[in-house]
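One structure is given below, encoded as structure tokens.
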Number of protein chains: 2
Amino acid sequence: MTTYTIGEVAQKYNMRPSTLRYYEDLGLLYNVPRENGHRVYTDQHLSRLSTICCYKNAGMSLDELAAFFHYSESEEDVAKTLALLDEVDDRIQRQISELQANYQQIQRKKHYFADIQTALAAHQPRPKWEDYRHQIY
Amino acid sequence: MTTYTIGEVAQKYNMRPSTLRYYEDLGLLYNVPRENGHRVYTDQHLSRLSTICCYKNAGMSLDELAAFFHYSESEEDVAKTLALLDEVDDRIQRQISELQANYQQIQRKKHYFADIQTALAAHQPRPKWEDYRHQIY
DNA sequence: ATAGCGCTTCAAGCTGGCTTGAAGTCAAGG
DNA sequence: CCTTGACTTCAAGCCAGCTTGAAGCGCTAT
């Protein structure tokens, strides 16, 4: 069974050891055994950590995550787990479509400023934002 | 020319008046004229505010935004503006694809927990996560 | 045997992005 | 005329999510 030190896990997940300790304090990562007082992580922990990152990235707060894990361990609270998942699903969908709109807007700005640059170099008149603001790229 | 009070703008953009004042302090929203000491916003300000929200949502910090607006006003710094836009473009694309992966994962979890609930009600054995972890919905 | 490295705990500190509170101004309505 | 309510400024406060610092332990390599 592969095991990892806190430093290895941190590197793998591109976070600081302190963050892992912090998550453990919050109860998000638990049952991390010690060897000579040092934390020893297994693939189980990594899998849990991936889950944490996924939900966090989806916009869940660390508190909500704690609640989620708490619910998903009791048989009676499956409904609550599902409600939270629906909530996250909702959030993530809205986020994606907002980001896609933002993406469009950034593309417009990129074209606009690129054309400004060209125009300045060629001593031509600057383009007008009006001509870009409804473009779709 | 339509004008708006700080309260109206706040409501329109679903933010607090204090946030608008804060953005003004940071120099993100400027040249907001006063009438009897009260701020008066025009459609120009709303347009600027939309831009702020777009970039902020795309993951730009308020400091970066200030830099962005600063650059995009000077003719020499168009290149810097473009560089920042590229950076934001990059971030936003990565964010979208991460979110889409997260979305998939949430769908798996939703199916998984829904099936757990069904199984529990029917006194059947619980489904195994193994059967879900690579599904695509 | 001692230096150094990576870990440990615990408490305090930091950052970004606002929000709140106190004290005051102004215009409209009863 | 006085109250109400939306605004003003300015400084201080708050929250999430870490990060840092101090003090210490235990293995390995020189």
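Protein chains get the first letters and strands the later ones, always in sequence-line order, with residue 1 at the start of each.
Contact between the side-chain N/O atoms of A:R34 and the OP1/OP2 oxygens of C:dT9 is found at a separation under 4.0 Å. Between C:dT8 and A:R21, a contact under 4.0 Å exists linking OP1 or OP2 to a side-chain N or O.
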- Query: Run the side chain to side chain donor-acceptor pair (under 3.5 Å) check on B:S50 and B:Y13 step by step: do they pass?
  - Reply: CA-CA 9 Å; B:S50 299; B:Y13 281 80; 2.9 Å; yes

| task | For side chain to side chain donor-acceptor pair (under 3.5 Å), just list the numbers for A:Y30 and A:R48, CA-CA rounded to whole Å, side-chain angles, deciding distance to a tenth of an Å, and then say yes or no. | result | CA-CA 9 Å; A:Y30 46 77; A:R48 161 62 66 113; 3.0 Å; yes

Discussion item. Run the side chain to side chain contact (heavy atoms under 4.5 Å, CB included) test on B:L120 and A:V78 for me, step by step, so that the C-alpha distance in whole Å, both residues' side-chain angles and the decisive distance to 0.1 Å come before the verdict.
Written reply: CA-CA 10 Å; B:L120 284 175; A:V78 179; 3.9 Å; yes

Could you walk me through whether B:R126 and A:E75 pass salt bridge (Lys or Arg N to Asp or Glu O under 4.0 Å), step by step? CA-CA 11 Å; B:R126 284 167 77 111; A:E75 308 247 313; 2.8 Å; yes

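At least one cation-pi condition fails for B:R16 and B:Y22: the charged atom is not both under 6.0 angstrom from the six-membered ring centre and inside a 45 degree cone around its axis.
Where A:H38 and A:Y23 meet DNA chain D, the nucleotide closest to each residue was compared, and A:Y23 sits on the side nearer the 5' end.
One can place CG of A:N36 at 11 Å from P of C:dT8, the figure rounded to the nearest angstrom. Here C:dG17 presents its P atom at 13 Å from CG of B:N57, a figure rounded to the nearest Å. Between A:L20 atom CG and C:dT9 atom C1' the separation is 16 Å, expressed in whole Å. Here C:dT15 presents its C1' atom at 12 Å from CG of B:L62, a figure rounded to the nearest Å. Straight-line distance from the CD atom of B:E24 to the P atom of C:dC18: 15 Å, rounded to whole Å. To the nearest angstrom, P of C:dG6 lies 11 Å from CD of A:E8. Counting to the nearest Å, the P atom of C:dG16 and the OH atom of B:Y22 are 9 Å from each other. The distance between atom CD of A:E35 and atom C1' of C:dT8, rounded to the nearest whole Å, is 15 Å.
Every residue was checked against the side-chain hydrogen bond (donor to acceptor under 3.5 Å, both in side chains) condition with B:E8, not counting sequence neighbours, and none meets it.
Comment: A:R21 does not engage A:D25 in a salt bridge, judged by the lack of any side-chain N to carboxylate O separation of less than 4.0 angstrom. Salt-bridge annotation for B:R91 and B:E98: absent, with no side-chain N of the basic residue lying under 4.0 Å from a carboxylate O of the acidic one.
The aromatic ring centres of A:H111 and A:Y132 sit 6.0 Å or more apart.
Of all nucleotides in DNA chain D, those with any atom nearer than 4.0 Å to a heavy atom of chain B start and finish, going 5' to 3', at D:dC7 to D:dT9.
Where the helix from C:dA1-D:dT30 to C:dG30-D:dC1 starts and where it ends, the local axes point in directions that differ by 10°; five pairs per end, rounded to 10°.
The residue B:T19 sits close only to the backbone: its heavy atoms come under 4.0 Å of sugar-phosphate atoms, none of a base.
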